[in-house]
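One structure is given below, encoded as structure tokens.
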Amino acid sequence: MYYLGLLIEYLKNYMKTRLTYRADFWVEVISDLLFQATNFIFILVIFMHTDSLGGWNQNEVVFVYGFFMVPFGVFSCFVNMWGFSERYIVKGEMDRVLTRPAHNLFQIFLENVDPPSLVGSFIGLIVMAISGSNLGLPFEWWTLPMLILLTLSAVAIYTGIYTTLTSLSFYSDAPTGILPLMYNIQTYGRYPVTIYNRAIQVLLTWIIPFAFVGIYPAALFLHRDEMRTMALLTPLVGVVFLSIGLMAWSFGVKQYKGAGS
Amino acid sequence: MLGAYFDFIRIRFLTMLAYRVNYYSGILIYTLNIGVNYFTWKAIYGNGESLGGFTGAQMTTYVAVSWMARAFYFNNLDREISTDIRDGSIAIQFIRPYNYVLVKMMQGLGEGLFRFMMLMIPGMVIAVLLFPVQLPAEPSAWAGFLVMLFFSFLISSQINIITGLSAFFVENNEGMMRMKRVVVDLFSGLIVPITLFPDWLSSVLKVLPFQAITYLPGSVFTGRVQGVGIWNVLGIQVFWFLLLLIPIVWINHAARKRLFVQGG
């Protein structure tokens, strides 16, 4: 309850700062959509030159992409750790966060809420609806609850991975290039993983499990039975990776000695 | 005076060297990016012989070279400049007896040299070992590639500087910076070679500067462009380098008049 109150206060604050930079709000929405559009263009360009990608047709790949956008939007809205090292470690703001009563990681999430990202989730739902109806996908009784469950699981996976990577900055105060590059790699989880070489499949499934934020859960709605087991594993992977992230984080916080002035 | 600018290169290089451990993960991640792109393209090719004038082998080389070039030319000058503007430290930089933009360029070069040695070269070696990349044999191709790579760096940094300086005009240019990153990666031909785009889009991209960053040098290196074509490519790069100087000089000039420090 206390945390819900905090969330509302931070959102109010967010609105106030945003109204100061009004034009920028729209620039950000547009740049988010443009980022998604580039990946979309990639898919469209691919299917201008081929009919199938590892046995998946254009509508299926577009549907997977639509699903991929939904959890990514939710994640970017509530768990935005971009620039954590510069802001909290180098400038020493972590000291301020640590002296407050609310949990430190939660405060950092709150201080960086980014509601424009949710626009991407809505567009993802629309993309799913359009390509789903092109494919004649049935709307089952479990579709909606599964969509919610799998979205939350995927958000947990993202949060786990990025929290783990961000907690590395407790050990080294140099800006790392890892996060932006991860953003590149995560988009590969939306392609049929079977096209990749075995090593990359294992990597995308078990080590940095980005296949679980796109292709596996989406396969469930596409009635791709060969991936059903993997789709149903998504919540478990979410729990495991979120726990790893939280553990890495609290371990890092304990190591933290303060690098700011 | 020139010596002072060289010092900026040297100092940035040494600063990067102090934090080099971070770059070991960079090598891994760039290699992974090449790997995933390689397998995606392999699946797209299927049994096909060629796509948009690229054979499968050329595409592999193109992907590897493009990502490795990015490992060299990529920098965060836009973010550095906009931070200087937002926290007001640019006011001090402006009254110092050097040219701010030139200093940024030199720092970018220092970082580039570091990335060249610690990220691009080792990454290239790994990529060649892992994937069927075909490197040209003649030394002239390598020399030409290095020159073109240098211009890729110049043009990419110029675009970064323009994006960074835009913080003078839109107080928070976070969105602009993100948009730039996306536009450069897509329209430079890093993600999709420009010949594979639909005709209307590729003809638009041919009159934009982005192709000079990745697509043109990559085409030369994979052997798709040969002979006189190489000089054309170099000409296009020089042309864009010179043309982009105009907005930089203009914005830099206008910015001095517009400068107001928010807080600080």
Side-chain angles (χ1 to χ4, degrees), chain A residues 17-18 20-21 23-32 34-39 41-42 44-56 82-83 86 116 165 168 172-178 180-185 187-189 191-197 199-201 203-204 208, chain B residues 15-16 18-23 25-26 28-30 32-33 35-46 48 50-52 67 70-71 74 76 79 83 87 115 119 130-131 170-183 185-187 190-193 196-198 201-202 262:
Chain A
T17 48
R18 262 316 146 95
T20 324
Y21 296 123
D24 191 64
F25 178 88
W26 292 109
V27 175
E28 196 180 315
V29 170
I30 292 167
S31 73
D32 271 358
L34 203 69
F35 173 69
Q36 306 292 357
T38 54
N39 299 317
I41 292 171
F42 184 62
L44 296 182
V45 169
I46 285 177
F47 282 101
M48 279 170 56
H49 299 277
T50 181
D51 293 329
S52 110
L53 186 61
W56 298 58
W82 194 275
E86 287 80 6
L165 289 177
L168 290 179
S172 131
D173 52 3
T176 55
I178 303 183
L181 282 168
M182 260 320 160
Y183 268 71
N184 273 320
I185 289 172
T187 55
Y188 301 130
Y191 297 116
V193 279
T194 39
I195 65 174
Y196 300 132
N197 141 308
I200 294 182
Q201 285 187 36
L203 186 86
L204 283 175
I208 34 174
Chain B
T15 317
M16 301 297 292
Y19 295 125
R20 64 184 170 280
V21 181
N22 288 320
Y23 277 81
S25 56
L28 209 81
I29 289 174
Y30 268 94
L32 191 60
N33 262 311
V36 173
N37 271 294
Y38 165 71
F39 289 112
T40 313
W41 285 111
K42 222 174 121 183
I44 296 164
Y45 271 83
S50 107
L51 280 186
W67 277 96
R70 186 183 192 272
F74 182 86
N76 283 315
R79 192 163 296 276
T83 310
D87 70 14
R115 297 174 69 102
L119 190 52
L130 288 180
F131 310 109
V170 280
E171 274 79 48
N172 184 353
N173 66 343
E174 188 62 37
M176 294 254 312
M177 288 192 288
R178 275 202 248 173
M179 194 154 18
K180 183 229 73 192
R181 184 194 290 264
V182 167
V183 166
D185 279 354
L186 183 69
F187 289 169
L190 175 71
I191 300 171
V192 186
L196 293 190
F197 282 123
L201 187 57
S202 57
Q262 311 179 70

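Note that these values count all heavy atoms, side chains included, but never hydrogens, waters or copies made by symmetry. Small disclaimer: the values here were computed from a predicted structure and weren't measured. Below, chains carry the letters A, B, ... as their sequence lines are ordered, and counting in each starts from 1.
The candidate with the highest count of non-hydrogen atom pairs below 4.5 Å against chain B, out of A:N197, A:N39, A:D51, is A:N197. Top candidate by heavy-atom pairs under 4.5 Å with chain A, chosen from B:G35, B:P198, B:G26, is B:P198. Counting heavy-atom pairs closer than 4.5 Å to chain A, the top residue among B:M177, B:K42, B:R181 is B:R181. For the options B:T83, B:V182, B:L32, B:V36, heavy-atom pairs under 4.5 Å to chain A are most numerous at B:V36. Heavy-atom pairs under 4.5 Å with chain B were tallied for A:T50, A:L53, A:I185, A:L34; the largest tally goes to A:I185. Chosen from B:L28, B:I44, B:V192, B:N37, the residue pairing most often with chain A at heavy-atom distances under 4.5 Å is B:I44.
Here A:T194 contributes atom OG1 and B:F39 contributes atom CZ; the two are 12.5 Å apart, rounded to the nearest 0.5 Å. A distance of 12.5 Å separates CG in B:D185 from CZ in A:F42, rounded to the nearest 0.5 Å.
In terms of heavy atoms, A:H49 sits closest to B:L196 at NE2-O, 3.0 Å.
Neither the backbone nor the side chain of B:T15 comes within less than 4.5 Å of any heavy atom in chain A. Of the atoms belonging to B:L51, it is side-chain heavy atoms, and not backbone ones, that fall under 4.5 Å from chain A. For B:R70, the part sitting under 4.5 Å from any heavy atom of chain A is the side chain, from C-beta outward, and nothing else.
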Inset, instruction - Mind running side-chain contact (heavy atoms from CB on, under 4.5 Å) on B:F187 and A:T38 for me, showing each step along the way? - result: CA-CA 9 Å; B:F187 289 169; A:T38 54; over 6 Å; no
Inset, instruction - Test side-chain contact (heavy atoms from CB on, under 4.5 Å) on B:Y38 and A:I200 and set out the steps. - result: CA-CA 11 Å; B:Y38 165 71; A:I200 294 182; over 6 Å; no
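Partners of A:I41 under the side chain to side chain contact (heavy atoms under 4.5 Å, CB included) rule, at least two apart in sequence or in another chain, are A:V45, B:L186, B:F197.
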